[in-house]
Amino acid sequence: SIQPRFIPMWWPLWIVFYLLICVSTFVICALFVPKKKKVPPGDRWVKIDLLASEFLYLPLSVGSVWATSRLWNGGHKTHWFATDPVALHFMLFYIATNIAHIPIVYLKTGTKGYKTSMYAHHILSSLSYAEGIYSGRMWFYGALDGCCELTTWIVNNLFIFKDFNFSHTLVAATGGILWLSFIPFRLLLFPFWLYLLGSEAYYHYDETFGLLPTREQLFVVCLNVPTVFLLLGLSCHWWHRLTLGFIKVLKGEPVEE
């Protein structure tokens with residue numbers, strides 16, 4: 001039988017609370033980026049997004065790594081059915097951050113392809129986390145997946161260093177760190193996530209996937225796994241762009257964001 005779950009009924013209120021924190025962060029950061037006649041509104045929102053993300057993605061990164069470490073050693077039963085307060089609040093904060101960022105993506109300058117991919121990322125990943133919180137299953141996998149946000153914080157620092165004209169050496173060093181961090185925290189993380197999920201579901205079917213109700217099995221197969229494949233595809237694309245950009249930085253050439 002499935003073990004009792006740690007799921008407070010008031011968890012949607014926590015999303016509202018974290019959403020207020022995220023919105024307040026964007027509003028406060030907007031005060032530090034004044035409007036300029038010659039600067040398009042979309043470019044201003046790019047800078048606001050950079051400043052706000054500096055404060056939002058660091059606690060997300062720390063929370064995901066912390067929650068993963070707390071659930072790592074328990075084995076397949078822990079990975080599929082254990083609940084944890086750190087993992088819970090990481091996922092709640094993650095959902096709130098995605099919701100708050102959707103209008104920012106609309107307001108900031110960006111290509112149609114970039115905005116479409118970000119909308120898909122925010123909506124699908126938020127649905128995956130919300131279903132996991134509601135069902136009380138697979139919180140370890142949610143936390144493990146969230147470790148990729150460490151690269152988001154690093155890339156945010158890279159763009160801040162560029163926008164505020166820090167030294168070329170610092171920009172190049174941060175670009176190198178970002179390029180390297182993509183390998184363990186995205187290019188290897190997502191395949192490992194898929195491998196671990198698949199191996200535990202296959203070798204311990206009766207104690208993992210087989211215990212899930214049909215609705216939750218469908219969520220895993222039709223939502224969680226495709227979302228991770230989407231993240232892997234996006235990460236490969238971004239890493240390719242990063243590689244080209246990093247080469248330009250080393251050469252001292254201008255780089256498009």
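Keep in mind the model is a prediction, meaning the values are calculated, not measured.
Annotation: side-chain contact (heavy atoms from CB on, under 4.5 Å) contacts of Ser199 (sequence neighbours excluded): Tyr195, Leu196, Tyr203. Thr243 is linked by a side-chain hydrogen bond (donor to acceptor under 3.5 Å, both in side chains) to Trp179, counting only residues two or more places apart in sequence or in another chain. A search for side-chain hydrogen bond (donor to acceptor under 3.5 Å, both in side chains) contacts involving His76 returns Glu207, not counting sequence neighbours. The side-chain contact (heavy atoms from CB on, under 4.5 Å) search around Val39 returns Lys36, Asp43, not counting sequence neighbours. Among residues two or more places apart in sequence or in another chain, the salt bridge (charged side-chain N to carboxylate O under 4.0 Å, His left out) test is passed with Glu54 by none. With sequence neighbours excluded, no residue forms a ring pair (Phe, Tyr, Trp, His ring centres under 6.0 Å) with Tyr119. For Asp145, there are no side-chain hydrogen bond (donor to acceptor under 3.5 Å, both in side chains) partners, not counting sequence neighbours. For the side-chain contact (heavy atoms from CB on, under 4.5 Å) test, residues two or more places apart in sequence or in another chain that qualify with Leu232 are Phe190, Pro191, Cys236. Scanning for salt bridge (charged side-chain N to carboxylate O under 4.0 Å, His left out) contacts around Glu131 gives Arg215, with sequence neighbours left out. In this structure Ala130 satisfies the side-chain contact (heavy atoms from CB on, under 4.5 Å) test together with Ile95, sequence neighbours excluded.
Counting heavy atoms from C-beta outward, Tyr134 and Trp11 have side chains that approach closer than 4.5 Å. At a threshold of 4.5 Å between non-hydrogen side-chain atoms, the residues Leu234 and Leu230 count as touching. Using a 4.5 Å heavy-atom threshold, the side chains of Asn224 and Val228 count as separate. Counting only heavy atoms from C-beta outward, the side chains of Ile154 and Phe185 never approach each other to under 4.5 Å. Here the side chains of Val65 and Leu150 are not in contact, with every heavy-atom distance at 4.5 Å or above. Between Met118 and Tyr114 the shortest side-chain heavy-atom distance falls below 4.5 Å. Between Pro184 and Leu189, the closest side-chain pair of non-hydrogen atoms is not below 4.5 Å. In this structure, the side chains of Ile123 and Leu127 come closer than 4.5 Å at one or more pairs of heavy atoms.
Within the structure, every pair that satisfies the side chain to side chain donor-acceptor pair (under 3.5 Å) test and touches residues 55-75, not counting sequence neighbours, is listed here: Arg70-Asp84. Among residues at least two apart or in separate chains, there is no salt bridge (charged side-chain N to carboxylate O under 4.0 Å, His left out) pair with a member in residues 221-239.
Ile99 and Val16 fall into different hydrophobic clusters, where Ile, Leu, Val, Met, Phe, Trp and Tyr are joined by side-chain heavy atoms under 4.5 Å apart, directly or via other members. The hydrophobic cluster containing Leu218 does not contain Leu197, counting ILVMFWY residues as joined when their side-chain heavy atoms lie under 4.5 angstrom apart, directly or transitively. Val86 and Leu56 end up in different hydrophobic clusters when Ile, Leu, Val, Met, Phe, Trp and Tyr side chains are linked at under 4.5 Å. Residues Leu71 and Phe209 share a single hydrophobic cluster, defined by chaining ILVMFWY side chains whose heavy atoms lie under 4.5 Å apart. Follow the hydrophobic side-chain contacts under 4.5 Å out from Phe55 and you never reach Phe93; the two are in separate clusters.
Of the possible donor and acceptor atoms, none in the side chain of Thr227 sits under 3.5 Å from a partner among the backbone N and O of Ser125. Counting only distance, with no hydrogens or angles, the side chain of Trp139 and the backbone of Gly132 share a donor-acceptor pair below 3.5 Å. In this structure, Tyr94 contributes its side chain and Leu60 its backbone to no donor-acceptor pair below 3.5 Å. Counting only distance, with no hydrogens or angles, the side chain of Arg186 and the backbone of Thr151 share no donor-acceptor pair below 3.5 Å. For Thr116 (side chain) and Gly113 (main-chain N/O), no donor-acceptor pair under 3.5 Å exists by modelled atom type.
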Handout entry: Worked check of side-chain contact (heavy atoms from CB on, under 4.5 Å) between Glu216 and Arg137
Key = CA-CA 9 Å; Glu216 294 177 24; Arg137 328 285 189 213; 2.9 Å; yes
Exercise for the section: Just do the side-chain contact (heavy atoms from CB on, under 4.5 Å) check on Thr83 and Leu88 with the steps written out, would you? Expected result: CA-CA 8 Å; Thr83 55; Leu88 172 64; over 6 Å; no
Problem - Stepwise side-chain contact (heavy atoms from CB on, under 4.5 Å) check, His204 with Trp80 - result: CA-CA 11 Å; His204 306 283; Trp80 285 72; over 6 Å; no
Exercise for the section: Kindly indicate, with the supporting measurements, whether the criterion side chain to side chain donor-acceptor pair (under 3.5 Å) is fulfilled by His121 and Asn98. Expected result: CA-CA 9 Å; His121 168 273; Asn98 279 347; 4.6 Å; no
Exercise for the section: Could you please spell out the steps behind the side chain to side chain donor-acceptor pair (under 3.5 Å) verdict for Thr152 and Glu149? Expected result: CA-CA 5 Å; Thr152 304; Glu149 296 302 340; 2.8 Å; yes
Handout entry: Residue pair Ile104, Phe26: steps toward the side-chain contact (heavy atoms from CB on, under 4.5 Å) verdict
Key = CA-CA 9 Å; Ile104 303 300; Phe26 282 111; 3.8 Å; yes
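Of all the heavy atoms in Leu50 and Ile160, the pair that sits closest is O-CD1, 3.8 Å. The shortest non-hydrogen separation linking Asn156 to Asp49 is OD1-O, 4.1 Å. Of all non-hydrogen atoms in Leu223 and Ser128, the two that sit nearest each other are CG-OG, 3.4 Å. Between Thr78 and Phe140, the shortest heavy-atom contact is O-CB, 4.5 Å. Across all their heavy atoms, Gly146 and Phe90 have their closest contact at CA-CZ, 3.6 Å. Considering every non-hydrogen atom in both Gly42 and Thr109, the closest pair reads C-OG1, 2.9 Å.
Around the NZ atom of Lys108, the shell of radius 6.0 Å holds more than 12 heavy atoms that belong to other residues, nucleotides or ligands. With a 6.0 Å radius and a threshold of 12 heavy atoms from other residues, nucleotides or ligands, Phe161 has its CZ atom above the threshold. Atom CZ of Phe166 has more than 12 neighbouring heavy atoms from other residues, nucleotides or ligands inside a 6.0 Å radius.
Rounding to the nearest 0.5 angstrom, the gap separating the CG atom in Leu187 from the OG atom in Ser181 is 9.5 Å.
Aromatic pair Tyr141/Trp193: ring centres closer than 6.0 Å.
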